[in-house]
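Below you'll find the structure, written out as structure tokens, and then a few comments.
Just so it is clear, the model here is predicted, and its values are computed rather than measured.
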Amino acid sequence: MRVIVADDAVLLREGLVRLLTESGHEVVAAVGDGDALVEAVVTHRPDVSVVDVRMPPSHTDEGLRAAVEARRRVPRTPVLVLSQYVEVSYADDLLATTGGAGGGIGYLLKDRVAAIDEFLDALNRVATGGTVLDPEVIGQLLVRRRRGDPLAALTPREREVLALMAEGRSNTAIARNLVVSDGAVEKHVRNIFTKLNLPQDATTHHRRVLAVLTHLRA
């Protein structure tokens, strides 16, 4: 397979490159930030990309966002995301990119890489269009659903938008803060209203206020 590796930790990145090469795969690019990942995917159209969730500059979810952007730019491009910890909202956000377009998706804890056969099997399944979730991620998803978290269905970006709404910011102000278009914010807001099952009767209910109240009570 033709593989892209994206991880800002040089030792892990080079270790993955060596593992994949010795296993008979071709590493067409090894990068250390999200922008380089998107560019590499567009350029090389790999069979699968292995991506760390946390990359520069903030080391929060840049890798995940880059993976989502790469799948937007190259639909159905398979991505296997690696994370140091279980971050359920990131798994949700990644799974949301599948939509009806298909394309392999995987979310594994980095510890799984040490189990080489298991890791390579997961990589192959993702490359062939499958979905692979770490058992611990599945467990956390189930726990969250059982707890009835009202915000469980929101992606990390939708949570950001909702938090800024709670600060009283307009859609235009939110767009400036997140460096996205007004239209993108409007779409996120509509998704938030839908996912929180807020009433559509604007004459009786102010959905923006109800959404903020849900955020504050969560």
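Looking only at side-chain heavy atoms (C-beta outward), Asn191 and Lys187 come within less than 4.5 Å of each other. Side-chain contact between Arg54 and Gln84: absent, with no pair of heavy atoms (C-beta onward) separated by less than 4.5 Å. Between Lys110 and Asp7 there is a side-chain heavy-atom pair separated by less than 4.5 Å. Taking 4.5 Å as the limit, every side-chain heavy atom of Val48 sits out of range of all side-chain heavy atoms of His25. Side-chain contact check for Leu20 versus Leu123: some heavy-atom pair is nearer than 4.5 Å. Side-chain contact between Leu64 and Tyr107 is absent, with no heavy atoms from C-beta onward closer than 4.5 Å. Taking the side chain as every heavy atom from C-beta outward, Leu178 and Leu164 approach each other to under 4.5 Å. Under the 4.5 Å side-chain criterion, counting only non-hydrogen atoms from C-beta, Leu151 is in contact with Arg159.
To the nearest 0.5 Å, atom CG of residue Leu37 and atom CE of residue Met55 are 5.5 Å apart. Between Asn177 atom CG and Thr172 atom OG1 the span is 12.5 Å, to the nearest 0.5 Å.
Residue Pro56 comes nearest to Asp8 through the heavy atom pair CD-CB, 3.5 Å, listed as atom of the first residue, atom of the second, then distance. Taking both residues in full, the closest heavy atoms of Arg13 and Gly32 are given as NH1-CA, 3.7 Å, listed atom of the first, atom of the second, then distance. The heavy-atom pair separating Thr155 from Lys195 by the smallest distance is CG2-NZ, 3.8 Å. Considering all non-hydrogen atoms of both residues, Leu82 and Asp52 come closest at O-OD1, 3.2 Å. Across all their heavy atoms, Ala66 and Val38 have their closest contact at O-CG2, 3.5 Å.
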For this session: Given salt bridge (Lys or Arg N to Asp or Glu O under 4.0 Å), test Glu69 with Arg73 step by step and report yes or no.
Result: CA-CA 6 Å; Glu69 174 63 14; Arg73 298 271 295 275; 3.8 Å; yes
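When atom types are taken as modelled, the side chain of Glu62 and the backbone of Thr60 share a donor-acceptor pair closer than 3.5 angstrom. Under a 3.5 Å cut-off, the side chain of Arg71 and the backbone N or O of Thr77 do form a donor-acceptor pair.
Side-chain polar atoms of Thr43 and Glu39 form no donor-acceptor pair below 3.5 angstrom.
Glu160 has a carboxylate O that lies under 4.0 Å from a charged side-chain N of Arg157, or vice versa, which qualifies the two as a salt bridge.
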